[in-house]
Amino acid sequence: MADPRLFPSGSNSSGDASGPGRRKYNPYHDLSTPYSYQTLYDLPTSPEFLFQEESAAQRRSWGENLTYYTGVGYLSGAVAGAALGLRDAAAGSEPGDTAKIRANRVLNSCGGGGRRLGNRLGVIGLMYAGMESAMVAARDRDDWVNSVAAGLGTGALFRAANGPRSAAVAGAIGGVLAGAAMAGKQLAKRYVPAI
């Protein structure tokens, strides 16, 4: 606590340091380095890396990939499932229903549909991210082959319990969708201006 003799009661609050025994408080007084509030709180805007090799990579890490694809899959599936549930609730309404029963039907249908489709697409995103990261680690290259192979593997693994024919069809669909997504990404990089 400050010494009361340095700051007697009735001192003005204008910050005048001309009086005897009075000085402005400077928290950086005992530090030997010059200070500037601009340099003290000027944080870098570019990402910081521990190793220089990390800054050269233009790719998300496997953990970021896992989080991204799982989150995007779950969120988009939940929204699409809720929309389908809303459609089913509207189709299943009866003329004699009260507003309370209709609202209950809508909430149950939207919640159930969103949960089911969100979980499915979240699991698909999780498997895809894991397989793509494993392909990048195994091949030590990041190109379209990894994405297409991850799409093939994800589709086949997701439908493997339904038999080999279903797994093969789902794998082919997954590979085609991953290839189309990579082609769309390349076209967007080339023809869509950066915002």
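Not measured: the values here are computed from a predicted model.
Listed by chain and number, the residues in a side-chain contact (heavy atoms from CB on, under 4.5 Å) with Lys100 are Thr98 (sequence neighbours excluded). Remark: Ser166 engages Arg159, Asn162 in a side-chain contact (heavy atoms from CB on, under 4.5 Å) (not counting sequence neighbours).
For Arg116, the CZ atom counts as loosely surrounded, since its 6.0 Å shell holds 12 or fewer non-hydrogen atoms of other residues, nucleotides or ligands.
One hydrophobic cluster, built from ILVMFWY side chains closer than 4.5 Å, cannot hold both Phe158 and Leu177; they sit in different ones. Under a hydrophobic clustering in which Ile, Leu, Val, Met, Phe, Trp and Tyr are joined whenever their side-chain heavy atoms come within less than 4.5 Å, directly or via other members, Trp62 and Tyr128 fall into different clusters. Cluster annotation: Ile124 and Leu157 are assigned to the same hydrophobic cluster (Ile/Leu/Val/Met/Phe/Trp/Tyr, side-chain heavy-atom contacts under 4.5 Å, transitive). Under the 4.5 Å side-chain heavy-atom criterion for Ile, Leu, Val, Met, Phe, Trp and Tyr, Leu107 and Ile101 are members of distinct hydrophobic clusters. The cluster map of Ile, Leu, Val, Met, Phe, Trp and Tyr, joined by side-chain heavy atoms under 4.5 Å apart, puts Tyr69 and Val72 in the same cluster.
The minimum heavy-atom distance between Leu117 and Leu84, with the atom names listed, is CD2-CD1, 4.4 Å. Nearest approach of Arg105 to Glu94, heavy atoms of both residues: NH1-N, 4.1 Å. Summarising the geometry of Ala160 relative to Ala167, their closest heavy-atom pair is CA-CB, 4.0 Å, with the distance given to 0.1 Å. Minimum heavy-atom separation, Glu132 to Ser147: OE2-OG, 3.0 Å. The nearest pair of heavy atoms linking Gly179 to Val148 is CA-CG2, 3.8 Å. In this structure, Asn65 and Ser133 approach most closely via the heavy-atom pair ND2-OG, 3.8 Å.
Using modelled atom types, no side-chain atom of Ser109 and backbone atom of Val106 make a donor-acceptor pair closer than 3.5 Å. The closest donor-acceptor contact from the side chain of Ser93 to the backbone of Ala90 lies under 3.5 Å. Put simply, the side chain of Asn146 gets close to the backbone of Arg141: a donor and an acceptor are under 3.5 Å apart.
Between Leu121 and Tyr74 the shortest side-chain heavy-atom distance does not fall below 4.5 Å. Taking the side chain as every heavy atom from C-beta outward, Gln186 and Trp144 never approach each other to under 4.5 Å.
Annotation: the span from Leu152 atom CG to Ile173 atom CD1 amounts to 11.0 Å, rounded to 0.5 Å. Atoms CG and CD, from Leu66 and Glu64 in turn, are 11.0 Å apart once rounded to the nearest 0.5 Å.
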